[in-house]
Amino acid sequence: SSGQITTNILDTFSRNGTLNGSSPVIGDANLVPTTNWVCNTTYYTTNVGGGRMVIANAGTAANTSAYVPLQVTDGYVYTISVTQNISATVGSGDRWGAVGFDDGSGYTSILNGTKGPWMLMKNSGHVESFYNGLNTSIYAGDNAGYGAGTNNLLQIVLDTTTPDAWTAAIKVNGVQKGTKNLPSGFTANRVTFFGYGNAYLTNSGFSVTSIQPTAPVISGQPIGFTNWAGVNGSMEVSASGSQPMSYQWYLNSTDNPLSGQTGESLSFSPLQDTDSGSYFVVINNSYGAVTSSVAPVYVETGTVMTLTPSI
């Protein structure tokens, strides 16, 4: 088991009406109009399809935004996940949808003000990601198959486990596209969505999760045994901690890792007389490592078995 603490902050947008409606609390952060930015109030939610957001700007070039309050703190891994679809049949021209973390500075322009990390996907399939507005790029690239009319999973992973040394990773359809170390003092207090252009854009399956990472902890130690050569035997370890966790079994010392033995259990099929020895496993993840107790194995080859005394 993983042993991680997971909080679903908001599983889906699951209510009808505008963003200024009832719980869950969603703030309307429409941008201040300028020469290049036109705002409207057509950014809304609906229960269709189990909860989704729709930006219906078709017919006008517009830029709108909305946010969900979220106080980001040290010690967690936050993941924004949203499936985006830009209509291939409604709307025209350069159009895109964006999502990201913000500290409230992105009200007047996502391009110049949004704290981030944030990412956008265009109807062409082009993906870009930045923080501090457009000051620092995390990723930019054209991706075949990501264009208008397709569903694409956009994810931003913000790792705050090290104070003043946060990191961000950008994923599209489960594939990591870029990472960046964020500057000291970085803050965020909301998740913000943006839509731009003459577009009909649908976001569905929106969720934000926070995981409090933990190093591996062993809950069940491997148990040694005595048995005859030629029969099968096995031992296993139980551990919890943040995934992914890796396992490596050893015989007698860390100088002798067992090739291919990288799971929770260690099997002997069958036992051989050379298998006698002291076995243990080392478990690692990104937040630490733990070594199991030693489990002795005795393989008998004679006609009389010497039993391992109980302790």
Quiz item: Can you name the salt bridge (Lys or Arg N to Asp or Glu O under 4.0 Å) partners of Lys171, sequence neighbours left out?
Solution: none

Sort and list the pairs that fulfil side-chain hydrogen bond (donor to acceptor under 3.5 Å, both in side chains) and have at least one residue in [range], not counting sequence neighbours.
range            : result
residues 248-260 : none
residues 273-287 : none
residues 142-154 : Asn85-Asn151, His126-Asp142, Tyr139-Asn143, Asn143-Lys177, Thr150-Asn152, Asn152-Asn173

Practice problem: Provide the closest heavy-atom pair for Gln84 versus Ala98 in the form atom of the first, atom of the second, distance. | Solution: OE1-N, 4.1 Å

Test side-chain contact (heavy atoms from CB on, under 4.5 Å) applied to [X] - qualifying residues, sequence neighbours left out:
X      : result
Ala88  : Ala148
Val290 : Pro216, Ile218, Ile283
Ser92  : Asn198
Thr167 : Asp159, Asn181

Quiz item: With Tyr247, which residues qualify under ring-ring contact (aromatic ring centres under 6.0 Å, His included), at least two apart?
Solution: none

Quiz prompt | Any residue meeting side chain to side chain donor-acceptor pair (under 3.5 Å) with Thr73, in chain and number order, not counting sequence neighbours | solution = Tyr78

Quiz item: Listed by chain and number, what are the side chain to side chain donor-acceptor pair (under 3.5 Å) partners of Thr79, not counting sequence neighbours?
Solution: none

Exercise. Please list all pairs passing the salt bridge (Lys or Arg N to Asp or Glu O under 4.0 Å) test where one or both residues lie in residues 117-138, with sequence neighbours left out.
Key: Asp94-Lys122

